[in-house]
Amino acid sequence: MNKEYNPYQNMLRVLDDAAIKLGLQKNDYITLRFPERQLVVSVPVVMDDGHTEVFEGYRVQHSSTRGPCKGGIRFHPDSNIDEVKALAAWMTWKCAVVNIPYGGAKGGIKVDPAKLTENELRKMVRRYTAMILPVLGPEKDIPAPDVNTDAKIMAWIMDTFSMIKGYAVPAVVTGKPLEIGGSLGRNEATGRGVMFTLLNLLEKINCDPKNMTVAVQGFGNVGSVTAKLIQKQGCKIVGIGDAFCALYKKTGINIEAAIKYAAENGKSLAGYQEDDIEIITNDELLALDVDVLCPAALENQINGDNADRIRAKIIVEAANGPTAKEADEVLDIKGTKIVPDILANAGGVVVSYFEWVQNQESFMWDEDYINNNLKKIMKKSFDDIWKIHIEKNVSMRMAAYILALDRVVRAKRLRGVFP
Ligand code: GLU
């Protein structure tokens with residue numbers, strides 16, 4: 001990854017552009033250029049061999065203007081405060097785009113969780129939770145899964161918070177296992193939202209999913225579910241890849257088989273075999289001659305260095321921040337349609353919201369109800385953005401930022417600046 005790239009500066013540049021397009025003065029939105037609160041914690045863990053390791057952890061709350069702060073926690077060796085600040089801000093814009101009553105937050109630990117034993121991982125999660133506990137709570141800040149975190153980790157967070165409070169508090173975290181207040185449909189929600197978004201776009205531009213070839217970068221929860229669900233809609237998935245390996249097959253890859261293989265082989269696609277499948281590089285995966293490219297991994301994958309090599313006509317951003325501003329400018333000139341992250345991958349936080357509401361009501365909804373409501377919200381948000389995109393003749397990213405910023409600024413204006 002490009003070392004000079006600063007995701008928070010990238011976010012600010014897009015934000016400032018949107019503010020200009022909305023006719024805002026600096027004073028109208030200056031508070032939104034700064035995260036409300038940034039917490040950096042040290043997380044000591046006594047490792048299995050007896051030595052103590054200290055990990056750096058973060059929780060950033062970008063905005064609580066529209067409601068409690070909301071956003072996932074990621075474990076990654078490259079995680080750092082600027083990344084978490086950007087991810088927190090993107091959560092603010094994302095929640096505003098889909099109009100759910102949350103602000104934005106994000107957390108992270110600088111760690112490669114694959115190098116920890118289960119015991120070490122559990123101790124790290126519990127200590128991290130204890131360290132950020134003063135800023136958490138169902139009315140304050142509600143974590144969820146993100147890169148390299150899952151339902152099991154959310155269960156440990158829920159338990160740690162509950163033990164310290166003295167009673168069960170399921171609504172402190174979303175993406176939990178079903179048995180302790182998780183929601184049906186949450187696990188697949190981000191990928192399902194990406195699928196709805198792609199279908200919404202294809203309908204607008206009169207394209208049939210059955211004629212679409214697709215490459216998906218990233219094969220974690222989001223990438224794998226997206227690939228599976230869009231394949232069910234008739235798209236041909238010709239390229240997939242993860243941190244270990246990228247694969248190409250002209251006639252389409254069997255995604256169900258690849259998912260099964262990765263689950264049984266340390267969450268890695270390396271070594272996956274099919275007739276006529278070719279091993280390619282990550283750069284080649286991104287540059288495949290496909291109709292749709294779906295980056296579902298990390299930030300800054302499509303950047304100033306490779307933007308001119310991207311051949312996909314449509315990019316649906318399943319990851320957060322996969323396209324740097326420099327690349328946006330190049331792709332815009334080429335006429336590439338980019339459906340921005342803050343719309344395309346919002347399905348996860350929408351069903352997180354449903355989970356939180358169910359926890360507050362102590363009443364469980366059925367899966368059809370959840371998926372139908374997700375579909376409705378994704379459609380409404382898509383249409384709201386499409387309208388701005390056409391009427392103001394701006395990119396879909398700019399349209400999404402205009403929609404989000406307008407909503408947050410109106411809320412801010414009503415609340416005023418304390419004291
Ligand atoms: N980590 C996911 C995201 O980036 C989900 C966040 C949530 O559900 O709070 O949108």
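For ligands, and for the atoms within them, numbers begin at 1 and follow the listed sequence.
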Please check if any side-chain donor atom of E56 sits under 3.5 Å from a side-chain acceptor atom of S42, or the reverse.
->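 Side-chain D/A pair, E56 to S42: absent.
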
Can you name the residues that form a salt bridge (Lys or Arg N to Asp or Glu O under 4.0 Å) with D384, not counting sequence neighbours?
->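 D384 satisfies salt bridge (Lys or Arg N to Asp or Glu O under 4.0 Å) with K380, R407 only.
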
Applying salt bridge (Lys or Arg N to Asp or Glu O under 4.0 Å), name anything that partners K334, two or more places apart in sequence or on another chain.
->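 Scan of K334 (salt bridge (Lys or Arg N to Asp or Glu O under 4.0 Å), adjacent residues dropped) gives none.
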
Do the ring planes of Y102 and Y353 sit parallel (below 30°), tilted (30 to 60°) or perpendicular (above 60°)?
->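 Ring orientation, 0 to 90° scale: perpendicular.
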
On the 0 to 90° scale, with breaks at 30° and 60°, tag the W365-Y369 ring pair as parallel, tilted or perpendicular.
->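 Because their plane-to-plane angle is over 60°, the rings of W365 and Y369 count as perpendicular.
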
Every residue of the protein that comes under 4.0 Å of ligand 1, judged on heavy atoms =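 K70, G71, G72, M91, K94, K106, A144, P145, D146, R186, N320, G348, V349, S352.
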
How would you list all residue pairs meeting salt bridge (Lys or Arg N to Asp or Glu O under 4.0 Å) that involve residues 214-241, not counting sequence neighbours?
->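 The answer is E188-K228.
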
